[in-house]
Asks: 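Before I ask anything, let me first share the structure, which is written out below as structure tokens.
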Amino acid sequence: FRPQPGKPAIDFLVTLLDMATAWSATSEDESTFEGKDRISGDARWTATRADLYFGLDSELSALEGLFACSDASGALVSQFIDAWVKTMELGRFDFR
């Protein structure tokens with residue numbers, strides 16, 4: 001689902017918000033989806049329902065739009081690290 005797998009970057013968000021991609025279910029239970037180019041119809045991406053949820057939720061989409069800007073990569077990484085550390089330290093009273 002990402003153009004550069006394994007590299008922390010904003011390309012996941014850019015791909016997710018790209019309106020040139022039309023998503024449709026590829027399984028009967030609608031757990032997997034295929035993204036096709038709206039003009040050519042060529043298959044571009046595959047995704048799970050969990051992947052696409054990030055584009056469905058209006059609050060998440062607003063944040064993703066902010067971080068998907070070309071100059072926001074550093075901000076995304078910095079804020080992700082801050083949130084991760086906070087999450088990992090919750091309930092750890094030995095740090096205080």
Side-chain angles (χ1 to χ4, degrees):
F1 189 67
R2 296 182 56 220
Q4 301 171 1
K7 179 181 177 188
I10 59 171
D11 54 347
F12 172 80
L13 301 177
V14 172
T15 301
L16 182 65
L17 299 175
D18 186 1
M19 294 307 294
T21 303
W23 294 97
S24 59
T26 58
S27 62
E28 286 187 30
D29 64 353
E30 296 184 352
S31 62
T32 57
F33 295 81
E34 181 176 55
K36 294 184 178 182
D37 184 277
R38 289 185 189 271
I39 296 172
S40 69
D42 294 338
R44 297 171 69 184
W45 310 106
T46 58
T48 65
R49 178 174 297 283
D51 293 325
L52 298 182
Y53 181 77
F54 286 97
L56 179 65
D57 184 87
S58 61
E59 290 182 37
L60 284 175
S61 286
L63 291 171
E64 291 160 9
L66 174 70
F67 288 123
C69 297
S70 62
D71 62 347
S73 182
L76 174 65
V77 171
S78 174
Q79 290 187 21
F80 177 82
I81 291 169
D82 291 346
W84 182 263
V85 168
K86 182 176 181 178
T87 302
M88 294 296 105
E89 290 180 353
L90 286 174
R92 297 275 319 260
F93 300 105
D94 54 327
F95 286 145
R96 295 194 175 30

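Side-chain atoms are counted along with the backbone in the values below, which use heavy atoms only and exclude waters and symmetry mates.
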Asks: Check the pair Trp23 / Trp45 against side chain to side chain contact (heavy atoms under 4.5 Å, CB included), numbers first and verdict last.
Replies: CA-CA 9 Å; Trp23 294 97; Trp45 310 106; 3.6 Å; yes
Asks: Testing the basics here: between Arg44 and Ala20, what is the closest heavy-atom pair and its distance to 0.1 Å?
Replies: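 Result for this residue pair: NH1-O, 3.6 Å.
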Asks: Check Arg49 against Asp29 and note the closest heavy-atom contact, atom names and distance.
Replies: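 Smallest heavy-atom distance, with atoms named: NH2-O, 4.3 Å.
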Asks: Atom CZ in Arg38, atom OG1 in Thr21: separation rounded to 0.5 Å?
Replies: 7.5 Å
Asks: Taking all heavy atoms of Ala43 and all of Lys36, pick out the closest pair and write down the distance.
Replies: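 Scanning both residues completely, I find the closest heavy atoms to be CA-CG, 4.0 Å.
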Asks: Determine the sole option in Leu52, Thr46, Asp51 for which the side-chain contact (heavy atoms from CB on, under 4.5 Å) test with Thr48 is passed.
Replies: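 It is Asp51; the other options fail the test.
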Asks: Closer than 3.5 angstrom, by distance alone: can the side chain of Thr32 be matched with the main-chain N or O of Thr26 as a donor-acceptor pair?
Replies: no
Asks: Closest approach of Ala25 and Glu30, non-hydrogen atoms and distance?
Replies: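 That would be CB-CG, 3.7 Å.
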